[in-house]
Amino acid sequence: VAMRFSLFGADVWCACRIVYTVDEVDGDVMKFGFAYGTLPSHIAQGEGRYLIEWNRDTDEVCYEIASFARPVFLPARIVPFAMRRKQKQLHAASGRRMQELVRESHRLGQELLK
């Protein structure tokens, strides 16, 4: 997996590798997700996990993002708050997109039930 974004006015490519996936069913609860680890060319060293949990009984959906990282790219080490701010922006954008997808899938599901 590779991401490209701007940091201090420069395009930065960050490469990661999927280290494990989650695909579990426990009664009415289904969990799906993945975790990635950064590769040496990444500006930070760390991991991130994205997990969706759906309770089929209550139709409740939870989305969890967990990550940790330490900067290794010199500009990110000098100004670490910029890296943390970028991570928070990416997590917020991911959460908003997930909410959109859940709403859309719920709407489509309701249409199919008609």
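This is a predicted model, so every value here is computed, not measured.
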Find the distance between [atom1] ([X]) and [atom2] ([Y]) and round it off to the nearest 0.5 Å.
X: E64; Y: M98; atom1: CD; atom2: CE; result: 12.5 Å
X: T38; Y: F68; atom1: OG1; atom2: CZ; result: 8.5 Å
X: I65; Y: R49; atom1: CD1; atom2: CZ; result: 11.0 Å

Any ion pair linking R97 and E100 (charged N to carboxylate O, less than 4.0 Å)?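 Looking at R97 together with E100, the answer is yes, because their closest N to O distance falls below 4.0 Å.
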
Would a hydrophobic clustering, with Ile, Leu, Val, Met, Phe, Trp and Tyr connected at side-chain separations under 4.5 Å, put [X] with [Y]?
X: V61; Y: F32; answer: yes
X: L51; Y: V25; answer: no
X: F34; Y: L101; answer: no
X: I18; Y: I52; answer: yes

Give me the atom names and distance for the closest heavy-atom approach of S67 to G48.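 It is CB-CA, 3.9 Å.
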
Please find the pair of heavy atoms, one from Y63 and one from S94, that lie closest to each other, and give the distance.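 The answer is OH-OG, 2.5 Å.
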
Within a reach of under 6.0 Å around CD of E104, are more than 12 heavy atoms found that belong to other residues, nucleotides or ligands?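 Check passes, neighbour count above 12.
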
R56 atom CZ, neighbour heavy-atom count above 12 within 6.0 Å: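 Enclosed.
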
Between D28 and W54, is a side chain to side chain donor-acceptor pair (under 3.5 Å) present by the stated rule, with each step listed? CA-CA 8 Å; D28 287 332; W54 175 39; over 6 Å; no

Report the relative orientation of the aromatic rings in Y50 and Y36; use parallel for angles under 30°, tilted for 30 to 60°, perpendicular for over 60°.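 Aromatic pair Y50/Y36 classed parallel.
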
